[in-house]
K.L.:
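A single structure is presented below for examination.
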Amino acid sequence: MYKSLPICQRKNQSFFLYYLYRAIKTANEIENFRYRIVEDKPFLYDVIHASATINRPNNTFGFSYIDFDSDESVFQTIAKNEIERVKSSNTLLPAKGGDNVIHFSAVPWLNFTSISHARKFSISDSCPKISFGKMMDVNDTKTMNVSIHGHHALMDGYHVGLFTERFQMLMDED
């Protein structure tokens with residue numbers, strides 16, 4: 001993460017949208033992150049999108065649905081519009097949804113080493129969940145913990161390793 005913050009500051013860009021774009025781009029590049037269980041069978045989506053929690057000024061949150069676009073500036077425009085829609089609403093659920101998403105959450109107040117996601121087990125859910133923690137200074141280097149939960153029938157540690165390696169590469173690009 002150490003190169004990312006200066007890049008965002010120089011470009012006057014949101015750090016949240018910077019890492020969200022790189023995370024969903026990475027997930028789209030790794031086939032196993034696009035698998036879901038649909039009607040008890042594995043299904044491969046061509047493209048997956050982001051469903052991120054968005055904080056509101058009143059300290060509540062809502063879920064978003066942000067279409068992925070490989071062009072970062074287009075993605076940023078889509079994301080900014082969706083963030084404004086969620087911030088001006090009082091509903092929890094996004095305007096649209098589906099299994100072709102990754103559930104993202106940001107908890108910038110916590111430097112976690114592990115995190116669990118609340119879920120209703122009576123509902124089938126094979127969407128990966130990725131959480132981002134607090135930005136920390138460690139030995140003059142900026143770090144941020146990332147937690148990745150995936151359905152073990154669709155991915156394993158190897159795929160999570162591919163994700164973290166590629167994600168870090170994209171975070172370091174200018």
Side-chain angles (χ1 to χ4, degrees), residues 1-38 42-57 61-108 117 125-133 135 142 144-151 154-155 159-174:
M1 303 296 144
Y2 68 96
K3 295 180 182 178
S4 308
L5 205 51
I7 293 168
C8 290
Q9 291 168 339
R10 189 175 67 251
K11 294 181 175 182
N12 195 27
Q13 187 177 24
S14 159
F15 183 62
F16 171 69
L17 292 181
Y18 184 85
Y19 71 71
L20 183 63
Y21 171 76
R22 281 149 184 79
I24 196 65
K25 179 178 180 175
T26 300
N28 271 292
E29 290 177 4
I30 300 170
E31 183 174 297
N32 291 70
F33 277 79
R34 293 184 282 121
Y35 277 111
R36 302 294 180 271
I37 296 174
V38 178
F43 180 83
L44 177 62
Y45 283 97
D46 292 331
V47 177
I48 53 171
H49 308 284
S51 179
T53 53
I54 305 298
N55 292 320
R56 296 188 182 107
F61 72 91
F63 296 108
S64 66
Y65 182 95
I66 304 169
D67 285 318
F68 174 71
D69 193 290
S70 60
D71 182 318
E72 185 173 1
S73 64
V74 172
F75 176 83
Q76 293 246 348
T77 299
I78 293 167
K80 287 175 184 175
N81 289 337
E82 177 65 356
I83 289 168
E84 286 309 309
R85 186 198 67 76
V86 172
K87 283 184 174 183
S88 66
S89 75
N90 60 7
T91 61
L92 180 63
L93 299 177
K96 62 181 178 176
D99 289 336
N100 62 335
V101 297
I102 294 210
H103 298 139
F104 290 100
S105 58
V107 282
H117 293 269
D125 180 10
S126 58
C127 298
K129 284 132 183 54
I130 301 177
S131 299
F132 301 94
M135 179 72 70
K142 298 282 187 194
M144 181 176 68
N145 289 328
V146 178
S147 172
I148 303 169
H149 289 241
H151 195 295
L154 304 175
M155 70 173 71
H159 305 102
V160 173
L162 290 175
F163 180 94
T164 59
E165 185 176 294
R166 178 65 175 145
F167 178 63
Q168 185 65 63
M169 285 176 58
L170 290 175
M171 290 296 289
D172 290 342
E173 285 181 354
D174 195 349

K.L.:
May I ask you to test the V47-N100 pair for a side-chain heavy-atom distance under 4.5 Å?
P.N.:
no
K.L.:
Using atom types as modelled and distance alone, determine if a side-chain donor or acceptor of S64 lies under 3.5 Å from a backbone N or O of A52.
P.N.:
yes
K.L.:
Measure from the ring center of Y21 to the ring center of Y18 and say whether it is less than 6.0 Å.
P.N.:
no
K.L.:
Measure from the side-chain N and O atoms of R34 to the backbone N and O of I48, and report whether any donor-acceptor pair falls under 3.5 Å.
P.N.:
no
K.L.:
Would you call F75 and K25 a side-chain contact if the rule is heavy atoms closer than 4.5 Å?
P.N.:
no
K.L.:
How far apart are the closest heavy atoms of S126 and L154, and which atoms are they?
P.N.:
CB-CD1, 3.8 Å
K.L.:
Aromatic ring centroids of F43 and Y45 under 6.0 Å?
P.N.:
yes
K.L.:
Any heavy-atom pair between the side chains of F61 and L92 that's under 4.5 Å?
P.N.:
yes
K.L.:
Are any of the side-chain heavy atoms of F63 and T53 separated by less than 4.5 Å?
P.N.:
yes
K.L.:
Determine whether M144 and Y19 make a side-chain contact, defined as any pair of heavy atoms from C-beta on separated by less than 4.5 Å.
P.N.:
yes
K.L.:
Say you draw a straight line from CD1 of I24 to CG of D69; how long is it, rounded to the nearest 0.5 Å?
P.N.:
12.0 Å
K.L.:
I'd like to know if the side chain of H103 and the backbone of S51 have a donor-acceptor N/O pair within less than 3.5 Å.
P.N.:
no
K.L.:
Considering all heavy atoms of both residues, which atom of A27 and which atom of F163 are nearest to each other, and what is their separation?
P.N.:
N-CE1, 3.8 Å
K.L.:
Does S89 offer a backbone N or O that forms a donor-acceptor pair with the side chain of R56 under 3.5 Å?
P.N.:
yes
K.L.:
Going by atom types only, do S131 and S105 share a side-chain donor-acceptor pair under 3.5 Å?
P.N.:
yes
K.L.:
Between R22 (side chain) and F167 (backbone), is there a donor-acceptor pair under 3.5 Å?
P.N.:
no
K.L.:
Can you list everything that forms a side chain to side chain donor-acceptor pair (under 3.5 Å) with R85? Sequence neighbours excluded, please.
P.N.:
E82
K.L.:
Hey, does L162 have a side-chain heavy atom less than 4.5 Å from the side chain of N32?
P.N.:
no
